[in-house]
K.L.:
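Below is one structure. I have some questions about it.
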Amino acid sequence: MAKKKTTRTKPRRLKGFRDIEAGDVLARDRMIAKIRKVYERYGYAPLETPALEYVDCLGKFLPEADQPDAGIFAFRDEDEAWVALRYDLTAPLSRYVAMNPELPRPFRRYQVGPVYRVEKPGPGRFREFYQFDFDSVGTNAMLADAECCMVMCDALEALGIARGDYAVRLNDRKVLNGVLETIGGGDVLGEATSRNVLRTIDKLDRVGIEGVKQLLGDGRKDESGDFKTGCKLTASQIEVVIGYLSAEGETRAILCDVLETLVGESEVGREGVDELRQIDTALSAGGYAEDRVVIDPTVVRGLAYYTGPVYEGVLTFPVVDEDGVSREFGSVFGGGRYDDLVKRFTGQEVPATGASIGVDRLLAALKTLGKIDTSPTTASILVTRLDKTLNAEYQQMVGELRAAEINAELYIGNQGIAKQFKYASDTGKTIAIVAGSDEMAAGEVSIKDLRLGVELSKEIGADRKKWLEQQPAQFSIKREQLVESVKEVLGRYRA
RNA sequence: GCCGGUGUAGCUCAGUUGGUUAGAGCACCUGCCUGUGGAGCAGGGGGUCGCAGGUUCGAAUCCUGCCGCCGGUACCA
């Protein structure tokens with residue numbers, strides 16, 4: 001025999017991508033269902049768009065470099081056109097709206113699905129992840145932005161996050177721009193510097209107020225010894241920015257007054273404050289007070305396409321993960337107004353606003369909180385096959401249970417009864433049904449309460465004989481009472 | 001992308017100053033017990049020591065490169 005050099009394929013998985021197992025998929029589906037209910041309650045209707053789009057339609061083609069933006073998954077199709085996986089659900093929405101000018105406005109849709117980004121993966125951070133968006137396109141009314149905040153609150157509460165355990169933080173890009181304008185000293189700060197300052201403000205939660213001060217000035221050395229060049233603002237400019245970031249007010253209205261003095265003569269700044277006031281009015285009328293939505297001058301939300309109000313939903317309690325490390329989960333919901341996104345297709349102003357929930361991130365948070373059921377089981381009953389000549393009987397039993405809308409699995413493997421019980425507990429079943437010749441003769445079936453069995457086995461210790469003889473978690477019932485008895489046992493473990 | 005750490009069984013890790021057949025716990029499988037999941041006892045399978053070179057009589061151990069993972073940083077629509 002010649003030496004065979006079998007080249008077997010190594011099972012590999014792309015970096016940043018995951019296999020998501022039953023418990024998580026089921027939990028995510030339940031989450032999505034709850035969120036969808038809230039969105040629909042406000043009248044948003046579903047839309048689905050393709051996972052692949054032309055790169056230029058996503059707004060991520062770099063003409064100078066003649067290639068797509070790094071950061072997205074892209075390839076050339078058979079016609080040499082650049083094609084990419086969507087990196088969010090907003091760009092496809094604006095493409096859709098541009099292609100369908102006859103849509104009644106405001107157009108309100110929700111969409112859920114995976115999006116793809118080439119980023120460095122980290123804890124709770126992946127290259128493929130679910131977003132669940134809702135948006136209103138075609139209205140510049142601040143009522144729409146106020147509604148976004150309300151929807152975010154309702155959605156988080158629908159997921160079981162108590163009021164007080166989350167907050168929606170609200171700000172307005174125009175206010176930020178207004179502050180930048182005032183420190184420009186008449187002149188507007190350079191585009192690059194403005195971006196840099198916003199970026200720096202966005203880092204506040206990571207580097208703290210002192211870090212921001214340094215980064216606005218000459219620069220800062222971080223823990224790893226790396227030096228990062230700062231924005232080179234003057235001391236008095238920094239003072240203004242820090243003053244702005246520290247602005248506080250008892251109520252949203254009072255904070256608006258404070259912000260107004262900070263933006264001074266800046267026209268955009270005043271516009272921004274006015275927008276916040278309008279949103280405050282709408283929120284207050286809707287009963288959404290400061291215990292749910294707060295104005296927070298430190299919110300920036302990236303740099304991209306936001307043009308007005310921006311908002312993010314954060315979890316305000318610390319979460320301790322599996323390794324016992326306390327983690328800030330931070331932002332799980334984000335959004336804002338983007339008035340220019342459709343313009344690049346049609347040339348027409350189409351104001352739009354919306355928000356997006358990071359489903360996977362929030363799922364991870366709820367999981368570590370123990371606020372979510374991640375059991376992988378879909379059927380809580382296993383009908384075992386003790387005596388393979390009685391298959392017809394077993395088939396009959398699962399049939400009855402299924403007819404009663406009880407998920408029931410028939411053991412279809414080949415192993416003996418001991419293995420069948422092990423299989424039942426390994427797959428998270430609550431009940432195993434046993435019926436052999438003894439039961440048949442008596443017109444009975446045995447019901448084994450597997451969860452109770454686990455409990456009782458702790459007390460019974462090492463005495464296997466006693467365990468086997470007593471079978472404390474098992475009892476017999478009349479064959480006709482199968483469905484009824486199963487319901488009764490399941491009832492013990494409901495919620 | 002950059003800086004640092006790390007890489008031994010499915011998991012968590014031991015492995016002395018390089019020295020013969022690489023270990024433990026947990027998990028898994030089998031039996032005690034062919035009609036009973038736990039526990040117990042007995043046994044068993046599983047590792048080209050991340051990959052590729054180099055130094056050496058000899059490398060899991062030393063050197064170089066690459067890859068993966070973890071942390072920080074940059075980016076984050």
Side-chain angles (χ1 to χ4, degrees), chain A residues 10 12-16 58-60 68-72 84-94 115-123 125 127 129 131 133 195-196 198-200 202-203 206-207 211 215 220-229 300-306 323 325 331 334-336 338 341 356 358 382 384-388 390 411 415-440 446-474:
Chain A
K10 227 179 286 170
R12 298 181 297 161
R13 199 206 300 111
L14 256 45
K15 190 201 325 200
L58 292 177
K60 285 292 160 185
D69 189 87
I72 65 171
L85 283 166
R86 62 186 178 203
Y87 60 85
D88 72 5
L89 299 175
T90 310
L93 169 64
S94 59
V115 300
Y116 304 83
R117 298 180 188 181
V118 183
E119 282 181 329
K120 183 187 160 185
R125 201 158 199 211
R127 291 181 160 193
F129 57 97
Q131 289 198 328
D133 287 31
R195 271 221 312 266
N196 227 327
L198 290 185
R199 203 174 286 172
T200 303
D202 206 22
K203 274 176 209 154
R206 268 168 291 161
V207 301
L215 285 170
R220 166 174 187 268
K221 226 183 306 196
D222 64 41
E223 298 130 44
S224 66
D226 257 17
F227 185 78
K228 172 117 197 316
T229 312
V300 179
R301 294 298 314 156
L303 310 151
Y305 45 58
Y306 292 119
D323 302 330
V325 182
S331 176
Y338 50 99
L341 222 51
S356 176
L382 182 75
T384 61
R385 295 191 301 131
L386 220 201
D387 181 340
K388 269 122 193 156
L390 296 174
Y411 181 77
Q415 304 252 242
I417 193 67
K419 289 295 168 53
Q420 295 189 35
F421 284 124
K422 184 166 163 42
Y423 172 81
S425 58
D426 285 350
T427 54
K429 303 286 187 289
T430 304
I431 294 173
I433 306 292
V434 199
S437 47
D438 295 352
E439 284 86 351
M440 283 301 157
S446 292
I447 292 185
K448 193 189 220 0
D449 181 336
L450 295 164
R451 294 205 203 180
L452 181 60
V454 169
E455 286 307 308
L456 295 176
S457 73
K458 286 175 192 157
E459 296 162 22
I460 215 153
D463 191 342
R464 181 179 171 80
K465 276 235 173 67
K466 194 172 158 197
W467 170 252
L468 289 183
E469 279 164 13
Q470 295 189 348
Q471 277 311 327
Q474 189 169 329

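Numbered from 1 within each chain, the chains take letters A, B, ... in sequence-line order.
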K.L.:
Please name all residues satisfying side chain to side chain contact (heavy atoms under 4.5 Å, CB included) with A:Asp69, sequence neighbours left out, ordered by chain then number.
P.N.:
A:Lys60, A:Leu62
K.L.:
With sequence neighbours excluded, tell me which residues meet side chain to side chain donor-acceptor pair (under 3.5 Å) with A:Glu119.
P.N.:
none
K.L.:
Sequence neighbours left out, what passes ring pair (Phe, Tyr, Trp, His ring centres under 6.0 Å) with A:Tyr306? Give chain and number order.
P.N.:
none
K.L.:
Output a table of nitrogen or oxygen pairs between the protein and nucleotides 30-34 of chain B separated by less than 3.5 Å.
P.N.:
unit_1, atom_1, unit_2, atom_2, d
B:rU30, OP1, A:Lys419, NZ, 2.5
B:rU30, OP2, A:Lys419, NZ, 3.0
B:rC33, O2, A:Arg464, NH2, 2.9
B:rC33, N3, A:Arg464, NE, 3.1
B:rC33, N3, A:Arg464, NH2, 3.3

K.L.:
Between B:rC70 and B:rG50, how far is it from one C1' atom to the other, in whole Å?
P.N.:
15 Å
K.L.:
In chain order, what residues pass the side chain to side chain contact (heavy atoms under 4.5 Å, CB included) check against A:Leu386, with sequence neighbours excluded?
P.N.:
A:Tyr394, A:Ile417, A:Val434
K.L.:
Nearest whole Å is fine: how far is B:rC75 P from A:Leu198 CG?
P.N.:
12 Å
K.L.:
Find the distance A:Ile431:CD1 to B:rU36:C1' and express it as a whole number of Å.
P.N.:
16 Å
K.L.:
Taking A:Gln474 for its side chain and A:Ser446 for its backbone only, find out whether a donor-acceptor pair lies under 3.5 Å.
P.N.:
no
K.L.:
With hydrogens left out and only the distance checked, is there a donor-acceptor pair under 3.5 Å joining A:Lys422's side chain and the base of B:rU36?
P.N.:
no
K.L.:
Which residues satisfy the ring pair (Phe, Tyr, Trp, His ring centres under 6.0 Å) test with A:Tyr423, sequence neighbours excluded?
P.N.:
A:Tyr411
K.L.:
Quick one: on RNA chain B, does A:Arg301 or A:Glu439 contact a more 5' nucleotide (nearest heavy atom)?
P.N.:
A:Glu439
K.L.:
OP1, OP2 of B:rA77 versus side-chain N and O of A:Arg117: anything below 4.0 Å?
P.N.:
no
K.L.:
Roughly how many Å is it from OH in A:Tyr411 to P in B:rG35, rounded to a whole number?
P.N.:
14 Å
K.L.:
A:Asn196 has an atom CG; how far is it from atom C1' of B:rC75, in whole Å?
P.N.:
13 Å
K.L.:
Send over the distance from A:Leu456 CG to B:rA39 P, rounded to a whole Å.
P.N.:
15 Å
K.L.:
From the set B:rG37, B:rG35, B:rA74, return the single nucleotide nearest to any side-chain atom of A:Arg206.
P.N.:
B:rA74
K.L.:
What's the closest nucleotide to the A:Lys15 side chain, out of B:rG68, B:rA77, B:rU36?
P.N.:
B:rG68
K.L.:
Can you confirm whether A:Ile433 sits close enough to A:Ile431 that some side-chain heavy atom of one is under 4.5 Å from a side-chain heavy atom of the other?
P.N.:
yes
K.L.:
What nucleotide among B:rA77, B:rG37, B:rG35 has an atom nearest to a side-chain atom of A:Ala418?
P.N.:
B:rG37
K.L.:
Please check the phosphate of B:rC75 (OP1 and OP2 only) for any side-chain N or O of A:Lys203 closer than 4.0 Å.
P.N.:
yes
K.L.:
Measuring only the P atom in each nucleotide, how far is B:rG37 from B:rC32? A whole number of Å is fine.
P.N.:
12 Å
K.L.:
With hydrogens left out and only the distance checked, is there a donor-acceptor pair under 3.5 Å joining A:Gln474's side chain and the base of B:rU36?
P.N.:
yes
K.L.:
Taking only residues two or more places apart in sequence, or in another chain, which ones meet A:Lys422 in a salt bridge (Lys or Arg N to Asp or Glu O under 4.0 Å)?
P.N.:
A:Asp426
K.L.:
Any chance you could encode RNA chain B as dot-bracket? Rule is Watson-Crick or G-U wobble with both distances under 3.5 Å; [ ] for pairs crossing earlier ones, | for another strand.
P.N.:
(((((((..((((.....[...)))).(((((.......))))).....(((((..]....))))))))))))....
K.L.:
Looking at B:rA77 and A:Tyr87: do their rings stack (centroid distance under 5.5 Å, interplanar angle under 30°)?
P.N.:
yes
K.L.:
Please identify each residue that fulfils side chain to side chain contact (heavy atoms under 4.5 Å, CB included) with A:Ser356, with sequence neighbours left out.
P.N.:
A:Gln131, A:Asp133
K.L.:
Please give me the minimum heavy-atom distance between A:Leu450 and A:Ser425, naming the atom from each residue.
P.N.:
CD1-N, 4.5 Å
K.L.:
Listed by chain and number, what are the side chain to side chain contact (heavy atoms under 4.5 Å, CB included) partners of A:Val207, not counting sequence neighbours?
P.N.:
A:Lys203, A:Val212, A:Leu215, A:Arg220
K.L.:
For the base of B:rG72, is there a side-chain donor-acceptor partner from A:Lys120 under 3.5 Å away?
P.N.:
yes
K.L.:
Could you pull out all residues at least two apart from A:Tyr116 that satisfy ring pair (Phe, Tyr, Trp, His ring centres under 6.0 Å)?
P.N.:
none
K.L.:
If I pick the C1' atom on B:rU16 and the same atom on B:rG23, what distance separates them, to the nearest angstrom?
P.N.:
14 Å
K.L.:
All N/O contacts under 3.5 Å from nucleotides 42-46 of chain B to the protein, with atom names and distances to one decimal?
P.N.:
none

K.L.:
So which heavy atom on A:Leu456 is nearest to which on A:Ala473, and how close?
P.N.:
CD1-N, 4.2 Å
